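See below for the structure under consideration.
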Amino acid sequence: MDKTYQPSSIESKWYQQWESKGYFAPQGSGDPYCIMIPPPNVTGSLHMGHGFQESIMDALIRYHRMQGRNTLWQVGTDHAGIATQMVVERLLDTAGTNRHELGRDKFIDRVWEWKEESGGHITRQLRRLGASPDWSRERFTMDEGFYKSVQEVFIRLYEDKLIYRGKRLVNWDPKLHTAISDLEVVSEEEKGHMWHFRYPLADGSGDLIVATTRPETMLGDTAVAVNPSDERYQALIGKNITLPLTGRDIPIIADDYVDKDFGTGCVKITPAHDFNDYEVGLRHDLPMINVFTDDATLNQSVPEKYRGMDRYVARKEIVADLDELGLLEKVEDHVLKVPRGDRSGVVVEPYLTNQWYVKTETLADAAVKSVENGDINFVPKQYENMYFSWMRDIQDWCISRQLWWGHRIPAWYDDEGKVYVARSEDEVREKYGLDQSIALRQDEDVLDTWFSSGLWTFGTLGWPEETEFLKTFHPTSVLVTGFDIIFFWVARMIMLTLYFRKEIPFHTVYVHGLVRDSHGQKMSKSKGNVLDPIDLIDGIELEALVEKRTSGMQVPKLKAKIEKQTRKEFPDGIAAYGTDALRYTYYSLASTGRDINFDVGRIEGFRNFCNKLWNASNYVFMNTENEDCGQNPADAFELTLADRWIVGRLQQAEAAVIEGLNTYRLDLASQALYDFIWKDYCDWYLELTKPVLWNTDERMEVLRGTRRTLVRVLETTLRLAHPLMPFITEELWQKTKQLACFEGDSIMLARYPQPDEAKVDHAAIADVEWLQAVIVGIRAIRGEMNIAPARQLDVFFCRGNSEDKRRLDENMQFLSKLAQLGSIKWLDNADQAPLSATSLVGHLEIHVPLAGFIDKDAEIARLEKELAKLANETSRLKGKLSNEKFVNNAPTDVVEKERNKLADSESALQKLSEQKEKILAL
RNA sequence: GGGUGGUUAGCUCAGUUGGGAGAGCGACGGCCUUACAAGCCGUAGGUCACAGGUUCGACCCCUGUACCACCCACCA
């Protein structure tokens with residue numbers, strides 16, 4: 001066994017074995033447990049957020065698998081319509097061509113090629129994380145089977161009148177040339193202007209002043225609106241305005257939508273280019289004049305001068321022209337929300353087009369109820385409010401996209417534009433009785449990616465076939481996801497699953513936070529603070545890291561800044577920490593519902609933790625291999641106090657880890673495990689075995705008992721830790737299992753530990769706590785007096801009770817070794833003790849004689865510090881206990897506790913001040 | 001405008017039904033003590049954002065304020 005922990009040498013070895021032996025597939029007859037992976041983009045690569053999410057899922061999966069549950073982790077990838085199409089279009093662009101030159105079919109072939117090229121990347125990275133999904137069931141949202149599910153859902157929703165086609169105002173992305181849903185629009189505040197224009201009345205009797213942030217849309221105005229109760233404009237309602245630049249006459253209408261107190265109280269109405277105006281237009285039956293093309297340049301319906309102009313060029317021209325005409329009243333600076341496409345980043349336009357919609361009202365009602373009545377639970381709970389508020393105000397969902405990459409909509413049109421929905425052209429003809437003389441063409445559009453991922457929980461299990469897997473694993477157990485896609489994905493899954501399965505998709509939604517950098521900044525290429533999980537596992541040289549972070553950067557200044565910042569933060573690059581350390585870091589940071597700030601310092605600490613476990617195991621192996629470890633039932637063994645103590649502590653650790661896993665508090669689970677392994681097992685237990693194992697006179701029964709406990713506790717601890725740190729535990733377990741006579745091929749198939757309260761020896765725990773207090777007391781003197789650790793001390797114990805005496809007598813062996821003692825003497829009378837440095841354990845005094853090597857002044861200083869603390873504590877307790885209200889109102893056990901504390905601190909105060917007097921008297 | 005989360009040691013974070021705050025890293029001092037210097041032993045460090053209130057007692061419950069982050073919303 002290597003002296004130090006080398007993660008790279010064990011990780012790939014074990015992963016290959018697990019996978020090739022089929023350990024990830026569901027097995028056994030236990031209750032089903034199932035998690036559906038949120039399918040990552042097929043052509044994507046793993047980022048820190050994935051790493052976090054997959055690590056959480058894998059811990060849950062491994063834990064439940066080890067509990068004997070019939071466990072399925074369904075894996076797969078998403079075709080990610082817009083994102084993937086954009087990537088391939090960019091590739092074509094660098095190759096000097098574009099998708100239109102290629103044509104639809106060739107372009108789609110090219111995307112499939114790209115998927116084949118890059119599609120395995122993310123799944124390989126998933127394996128590096130130790131993820132244990134059933135790879136044999138891997139699915140892709142555009143594979144054949146899944147397409148059948150998507151088609152089925154579309155057709156049935158259409159037949160049930162929950163999908164319809166309509167011409168409406170949608171969010172139009174003029175760069176990508178597609179409609180996008182409300183959710184894909186991100187509105188941020190930006191600085192802009194508010195222009196005030198003078199619109200003349202048609203009869204020449206005056207004018208109105210309208211304010212707008214979008215001058216270029218004025219060419220499509222079809223009314224000016226005022227509030228019906230606005231006295232200023234009462235007389236004008238019903239009159240006409242002559243719209244400047246166009247010469248069109250448009251009416252002045254009254255509508256409650258207008259806020260009297262904002263601006264001039266007059267609003268230009270452009271129904272084809274603003275969502276509010278659209279509603280107003282419908283109410284007043286106004287014409288809708290579209291002035292844009294798909295590119296958001298001005299179209300043929302505007303005066304010739306402006307045709308073909310980009311919207312922002314036209315804006316300038318129109319403002320200048322109105323100014324020229326004396327119609328520009330004023331321009332103000334104005335901050336406004338600008339809607340941009342989340343993918344393209346360009347300003348989206350409200351645009352009139354034909355699109356397909358899902359009618360969401362009834363679907364959403366059911367989806368709300370399933371959370372209200374507790375069928376589905378969000379963890380943490382506050383996300384339910386977010387879910388409710390969105391669901392209760394949900395809009396119809398625009399599901400058609402003018403893209404080529406995606407599920408093509410199963411709808412056909414005849415020459416008159418009549419629409420037919422079916423699985424294929426042949427089926428259309430059959431279903432609707434259309435012969436070959438009628439020409440049909442399929443709808444050009446594809447479905448929103450989220451429409452297909454909305455079927456993920458049941459589509460992956462074979463629906464619409466009623467497969468065994470579907471029956472067994474649906475509804476799934478828990479969905480692990482980020483809050484950012486609750487609306488995009490979670491809500492849609494709940495709606496669609498309830499409708500088609502008449503059951504929920506999952507019982508629990510575990511919502512985790514976002515992974516940020518150590519200062520809480522979002523990780524982004526432009527900030528240059530991105531960490532790659534694989535680099536944390538394998539390590540990366542500084543130069544490679546700098547190159548990675550700055551590659552493809554266009555702005556030299558930004559590039560230089562990022563390079564400088566990276567060199568400063570990682571002067572030696574990033575060390576190879578291994579998967580287990582990375583995973584453990586994620587778990588330790590995974591507290592409820594808050595974003596996590598990832599600090600490389602933390603991962604280093606957990607790499608050290610892995611190393612600690614490695615070395616502890618090494619110690620166990622050294623002391624147990626080829627030795628009698630008490631596994632033969634015929635041979636008697638005897639447990640020491642330390643053995644009985646660690647077994648009890650193990651039960652408590654098991655309970656804490658399980659509690660953490662059951663409540664999705666992986667931070668608490670990992671903390672409990674860390675403390676048990678490092679503090680209890682390594683710092684105390686292993687040290688306590690040394691005086692036993694090194695004692696040449698030790699009885700065989702005791703040696704057997706200690707070795708037995710060493711290996712059995714280690715073996716159980718490894719199983720306890722396995723879901724969190726799969727690789728190192730497997731490596732160590734393979735060796736440990738033989739020593740502990742434990743059967744099984746792999747730790748991942750072994751049973752998860754179950755705490756047994758009967759194994760908790762409370763008396764042993766109390767005795768060890770006493771022992772620890774005594775040792776720490778002596779160490780503190782040694783530390784503060786600067787006494788060399790190797791120097792053996794003679795100590796005296798005074799004024800202890802019979803319990804102290806018993807504990808001392810029983811633990812001489814442990815005490816001498818761990819505190820490095822020369823001699824131990826019990827004194828009935830404190831006066832017999834030589835002048836000493838003193839520590840207290842309750843009433844028991846521990847004296848370390850000053851003689852020769854202890855600094856008198858230092859001891860006085862130490863005592864004074866201690867006395868000051870005690871005095872403070874004493875007066876606080878006195879004050880509290882002299883408060884009648886406290887004594888009368890507080891529960892008696894609390895009062896009693898405070899009284900005992902006071903007695904203790906008064907006694908300590910007295911003892912230590914006596915001690916101080918003695919030293920001073922010298 | 002409405003809503004959610006956060007504010008605890010120098011940094012990153014825990015804190016279980018209210019009974020005088022913990023960890024890791026960092027700092028300081030001492031150690032090559034036969035598993036481990038990726039380690040061991042010890043020490044220091046906090047007005048729990050602020051102001052009220054409830055209570056015998058508040059990091060914890062209530063009200064308000066400030067700041068940070070996020071979500072939702074149609075103000076031209």
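The chains referred to below are lettered A, B, ... by the order of the sequence lines, with proteins before strands, and numbering in each begins at 1. None of the values given here were measured: they were computed from a predicted structure.
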In dot-bracket notation, what is the pairing pattern of RNA chain B, taking Watson-Crick (N1-N3 plus N6-O4 or O6-N4) and G-U wobble (N1-O2 and O6-N3) contacts under 3.5 Å, with [ ] crossing and | for other strands? (((((((..((((.....[..)))).(((((.......))))).....(((((..]....))))))))))))....
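- Between the A/R782 side chain and the A/R791 main chain, a donor and an acceptor come within less than 3.5 Å of each other.
- In this pair, A/F598 does not lay its aromatic ring on the base of B/U12; centres under 5.5 Å and planes under 30 degrees do not both hold.
- Within the nucleic acid shown, A/N618 comes within 4.0 Å of sugar-phosphate atoms alone, with no base atom in reach, counting heavy atoms only.
- Across all strands, A/H273 comes closer than 4.0 Å to no nucleic acid atom at all (heavy-atom distances).
- As judged by a 4.0 angstrom heavy-atom cut-off over every strand, A/C610 is placed among residues making no nucleic acid contact.
- Taking atom C1' in both B/A9 and B/G2, the straight-line distance is 37 Å, to the nearest Å.
- Comparing the same atom, P, in B/A58 and in B/A44 gives a spacing of 27 Å after rounding to whole Å.
- Going from the P atom of B/G24 to that of B/G42 covers 12 Å, rounded to whole Å.
- On the C1' atoms, B/G22 is 26 Å away from B/A37, given to the nearest whole Å.
- Contact annotation for A/N597: backbone-only contact, meaning every heavy-atom pair under 4.0 Å involves sugar-phosphate atoms and none involves a base.
- To the nearest whole angstrom, the two P atoms, one in B/A23 and one in B/C61, are 23 Å apart.
- Under 3.5 Å, the side chain of A/R876 and the base of B/G20 form at least one donor-acceptor pair of N or O atoms.
- Across B/G26 and B/A38, the matching P atoms stand 12 Å from one another, rounded to whole Å.
- Contacts between residues 254-262 of chain A and RNA chain B, counted as heavy-atom distances below 4.0 Å, involve A/Y257, A/V258, A/D259, A/F262.
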